[in-house]
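Below is one structure, written out as structure tokens; the observations come after it.
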Amino acid sequence: MKDRLRHQIRQALETCYRAGTLHSEIIPEIGLEVPARAEHGDFASNIAMVLAREEKKAPRRIAEILIETLNREEGIIGKVEIAGPGFINFFLTERCWYGVLDDIVQSGVSYGRSRTGEGKKVQVEFVSANPTGPLHIGHGRGAATGDAVASVLEAAGFSVQREYYINDAGNQMETLGRSIFLRYLELMGETMNFPADCYQGEYIRDLAREVAEVEGQRILEIPEEAAIRFCASFGGKRILAGIDEDLRAFGIRFDNWYSEQSLFDRGEVERGVALVREKGLCYEKEGAIWFRTSDYGDDKDRVLVRSNGATTYFASDVAYHKEKFDRGFDMVVDVWGADHHGYVPRMKAVMAGLGRRPEDLQVILVQLVNLLRGGQQVAMSTRSGEFVTLQEVIEEVGKDACRFFFLMRRSDSQLDFDLELAKQQSSDNPVYYVQYAHARVCSINRNAAEQKIAVPELGEIDFGRLALEEELALARILSRFPETVAGAAVAFEPHRVIFFLQELAAQFHSYYNRHRVLTEDMETSRARLYLVNCVRIVLENALLLLGVSAPEQM
RNA sequence: GCGCCAGUAGCUCAGAUGGAUAGAGCAACGGACUUCUAAUCCGUAGGUCGAGGGUUCAAAUCCUUCCUGGCGCGCCA
């Protein structure tokens, strides 16, 4: 809708230049916004004020000239007013708003999709938790965010792959192996002080028990190093399977699981290091090899290969990101915990070093989740192994509430997650507020069916019956859905969809309370039924985009 | 010390490309169920947008200084 109007303005501008009524010959970015106040129209443009300096004319005068030139034939533009210092306020015709309803019915599940992304290949990498323990609530937020970003990008016309990067190569895997091995020894009757730098959680004992069940005494009889390696691999696989299970319960599936170890096995890390050395981006100092990331905005250079010959985690990441682009992605999105933000400049530097634009790598930082229960903070400590797992939270509050809560805030602001509130089935709980709107439409449909009124199909209603202000307001909100999704995609901000949902649900609830859909008058009933089913479609599309279900009854 | 992020109503937070009188939810107060689900709605009240300076016709938004909070500054991962 906005694009159509913008197009009309551009044409008017060109016509003015041709006719000589305006002369600056520039076509600036045409600012169009939805004004905060209804009396300022459906859209407002600041174009006249932007041109004022160049034209050396009063903004209001420019606005007059433009309005005279505007093509009204397409029937989109109803009334146009000049207001304030030179705003042009556009009031679109009702016909044009109700055309949105036909768009929605026609597009159905596709309504909201756009071609903004032009099919560009994007990879979204998220969660990527080390396979050394179960997912906790912080991972949950990253999971919900990454998945929603991916979905929103898909809907905006990008071609998206979801990837999980498995950090299975570093010495944390060694620690995992040793932790399990030591618990295994305990089971076999050895007494010891379990080291503080090992993983403390109860799940380590469970894994040790499994090792004992499957392998019996065998692990006692092989060299310790091999035993640890076995335990690491055994535990890593089990934990990863558990992570996959948790994520599926959360409604998330990855297209690809990518192992860091495989980078080593295929020589990618070596090749990556060699490549940046060939490009002259490195130097040796004190026996180590350094990447000149400070040439590209990082505050210091970073070690790729340590003086003992071992590569750093950074080296893996250079190889990994290089390999991502080798796979043909136009853009790569990484979802990280906000505590890794210091890592961003060096990875941007890597992009530049590899000859990519820094914007081709987008990093979304996800802030901490503050877990509360009835306003009281829930104590968590990774070191002692006392943390609330994602699985526990999903079991307690349900997938829908969990997903919704994780997305309610901008990802880079901290999030209070109150378990009691998330469970509450009341107006305090925004999840139910939105879902309830959907269920209500479904309920209306059931009642309509009882009265033998079918939901009208495309073109079957008389828009003249939709004359209420609240109905127009609904149509306006519905029309904004595609641009909301596209905006959320290019800004990597899925929370915008949440706010859209809340606004739509609020407008619907208000309408519902004030007016009956099923009335004495058949044609009015049918027209309203058509409208509220458009609301239902958009609610459902938006909820599914976020991984939240759209229930038919509650 | 340096860097990144944040500071908006009592609380939790929105405010896309700078726009007109800064919004929502919760909490507070007052109302609405013989009507398609009250998990809802309607109304009232609540603000020096951390502080100062600057750019602009126009600043919560951009620049700058300062204050406060969080995080990060390894040949760790």
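Below, chains carry the letters A, B, ... as their sequence lines are ordered, and counting in each starts from 1.
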Same-atom distance (P) from B:G3 to B:U64, integer angstrom: 12 Å
Between B:G25 and B:A45 - C1' atom distance, rounded Å: 16 Å
Nearest-Å distance for atom pair CE/P, residues A:Met408 and B:A14: 10 Å
Spacing between A:His509 atom NE2 and B:C33 atom C1', to the nearest angstrom: 16 Å
C1' atoms of B:C66 and B:C76, separation to the nearest Å: 36 Å
5' priority, RNA chain B, between A:Arg410 and A:Tyr511 [closest heavy atom]: A:Arg410
Atom-pair distance (CG on A:Leu32; P on B:G18), nearest Å: 14 Å
Secondary-structure stems, RNA chain B, at least 3 Watson-Crick or G-U base pairs under 3.5 Å: B:1-7 with B:67-73, B:10-13 with B:23-26, B:28-32 with B:40-44, B:50-54 with B:62-66
Separation of atom CG in A:Asn513 from atom P in B:C41, rounded to whole Å: 7 Å
Where protein sits on nucleotides 67-77 of chain B, one letter per nucleotide: B base, S sugar-phosphate only, - none, heavy atoms under 4.0 Å: ---SBSSSBSB
Along RNA chain B (nearest heavy atom to each residue), the more 5'-positioned of A:Glu483 and A:Phe87: A:Glu483
Results of ring-ring contact (aromatic ring centres under 6.0 Å, His included) for A:His438 - residues two or more places apart only: none
Interatomic distance where CG belongs to A:Asp418 and P belongs to B:C11 [whole Å]: 17 Å
Spacing of the P atoms in B:C62 and B:C5 (rounded, Å): 11 Å
Contact list for residues 286-298 of chain A, test side-chain hydrogen bond (donor to acceptor under 3.5 Å, both in side chains), sequence neighbours left out: A:Thr293-A:Asp298, A:Ser294-A:Asp301, A:Asp298-A:Arg302
Shortest side-chain distance from A:Asp416, nucleotide among B:A20, B:U12, B:C41: B:U12
Residue list, side-chain hydrogen bond (donor to acceptor under 3.5 Å, both in side chains) with A:His340, at least two apart or on another chain: none
Find every protein N or O atom lying less than 3.5 Å from an N or O atom of nucleotides 57-62 of chain B, and list the pairs.
unit_1: B:C57; atom_1: OP1; unit_2: A:Arg53; atom_2: NH2; d: 2.8

For atom CZ of A:Arg514 and atom P of B:G31, their distance in whole Å: 20 Å
Closest listed nucleotide, where the reference is the side chain of A:Phe499 and the choices are B:C13, B:C36, B:A20: B:C13
